[in-house]
Amino acid sequence: MPLALLALAVGAFGIGTTEFVMMGLLPEVADDLHVSIPSAGHLVSAYALGVVIGAPLLAAVTARLSRRTVLIGLMALFVVGNTLSAFAPDQHWLLAARFLSGLPHGAFFGVGAVVATGLVAPERRARSVSLMFLGLTVANIVGVPVATFVGQHLGWRATFLGVGLIGLVAIASLALLVPRDHAHAESAGLRRELTALNALPVWLALGTTVAGFGALFAAYSYITPMLTDAAGYAEGSVTVLLALFGVGATVGNLTGGRLADRSMRGTLFGGLAALGVVLALFPLLMRTEVTAALAVLLLGTAAFVTSSPLQLMVMEKASAGPSLASSANQGAFNLANAGGAWIGGLAIAAGFGPTSPAVAGLLLVVLGLAVAATAALVDRRRAAAPGGRVVAVHVPEPAPEGSVLHH
């Protein structure tokens, strides 16, 4: 695998750290800015809103630019957003800075996935995407716990300065390791990207992302009350268990990448089915501490098996303009985050108990399987039609040395 994938993983590590660390620093931020914890929680929403808006917007406006230049520019915006967060004088400025920090998130993963698949042979595309996402999953094991520790002992502002430094390392890595590429030709500009996005198979793939990862976040958003109220863990143990989720996510991500290179759709269906089984067993597994820890590990593993095939499927369905569609998939992921948390909260508010969000997640898995099955049926019918084919434009193989890409 090319070293350029390491540069993408470093950027993903920084993004994953800043995305999730705020949850662990809410008490410190609330105390320092003299606001309530629920009010400080709006900072999480501000970041997610930045991702949803920034993913398609930045991918669209940079459609004609060199992808290497775009990646470096996105990380520069990431550094600015986190630095401004560190020096924000009050909650309003911090909200704006967190929104700014979220803007490059989706576009970085979207454009990065396109770059990653162009660096390897066709039979290794899913694996290359999983290696980029490795930075995101490792952030949950190492980055978030360390950043939370720093914020609790040196102040939350030090955390965001540290994340900004990670961004600078990512910029240097991208500049050194990612091959130079020319700006896109006229045919690959914004109009081409928008046209590729306007297709039923693309929207079905995006819908599968929303439903599948909505199932994950319906349960994961309420994993702390499940572990404390149902399994009997002390609150101080939750951080270690969340790192265990990160371990599972890392294993699932790497496994999904390898399997998807053999059968992308088979891996997608298998991952969703496995996630459904884990969520169905959650009420039983949350009865003891040992089985609850196993449940957290399995949740991360099953959910992230689908990350690479979903990303790659969206790119294939919009192969004439993959950057915008790939970035839109990251927006769909964050819509799943917000929507899944809302649906899981409805289950708890209805009085169904602390493990009821997992059951709500199971219903979303069923929906995701239905959407994925519909997508498979649409593909089969299009392929069976006279002169039909599933993907309208062939995904280009990596350019030979000395042609489009060069070091």
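The structure displayed is predicted, hence computed values, not measured ones. Throughout, numbering of the chain's residues begins at 1 and tracks the sequence.
A salt bridge does not link Arg157 with Glu28: every distance from a Lys NZ or Arg NE/NH1/NH2 to an Asp or Glu carboxylate oxygen is 4.0 Å or more.
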With a 3.5 Å cut-off and sequence neighbours excluded, list the donor-acceptor pairs that the side chains of residues 241-257 form with protein atoms.
residue, atom, partner, partner atom, Å
Thr250, OG1, Thr137, OG1, 3.1
Thr250, OG1, Gly246, O, 2.9
Asn253, OD1, Ser307, OG, 3.3
Asn253, ND2, Ser130, O, 2.7
Thr255, OG1, Val251, O, 2.7

Which donor-acceptor pairs under 3.5 Å do the side chains of residues 7-26 make with protein atoms, sequence neighbours left out?
residue, atom, partner, partner atom, Å
Thr17, OG1, Phe13, O, 2.8
Thr18, OG1, Asn82, OD1, 2.6
Thr18, OG1, Arg98, NH1, 3.1

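Between Leu119 and Ser128, every side-chain heavy-atom pair lies at or beyond the 4.5 Å cut-off. Contact annotation: the side chain of Arg262 never approaches that of Thr267 to less than 4.5 Å [non-hydrogen atoms, C-beta and beyond]. In this structure the side chain of Val115 reaches within 4.5 angstrom of the side chain of Leu71, judged on heavy atoms.
Between Arg68 and Pro179, the shortest heavy-atom contact is CD-O, 3.3 Å. Heavy atoms only, all atoms of each residue included: Met226 and Ala219 are closest at CE-O, 3.6 Å.
Looking at Tyr222, its side chain never comes within 3.5 Å of a backbone N or O of Gly344 through a donor-acceptor pair. Remark: side-chain polar atoms of Thr291 are paired, donor with acceptor, to backbone N or O of Leu285 under 3.5 angstrom. Side chain of Asp261 to main chain of Ala126: a donor-acceptor pair is present (N/O by atom type, distance under 3.5 Å, no hydrogens or angles). No side-chain donor-acceptor contact under 3.5 Å links Asn337 to the backbone of Phe333.
The residue from Gln311, Met315, Glu316, Met264 that alone fulfils the side chain to side chain contact (heavy atoms under 4.5 Å, CB included) condition with Arg125 is Glu316.
Every residue two or more places apart in sequence or in another chain that forms a ring-ring contact (aromatic ring centres under 6.0 Å, His included) with Phe109 is listed here: His105, Phe133.
Ring geometry for Phe217 against Phe213 counts as tilted: the plane angle lies between 30° and 60°, on a 0 to 90° scale.
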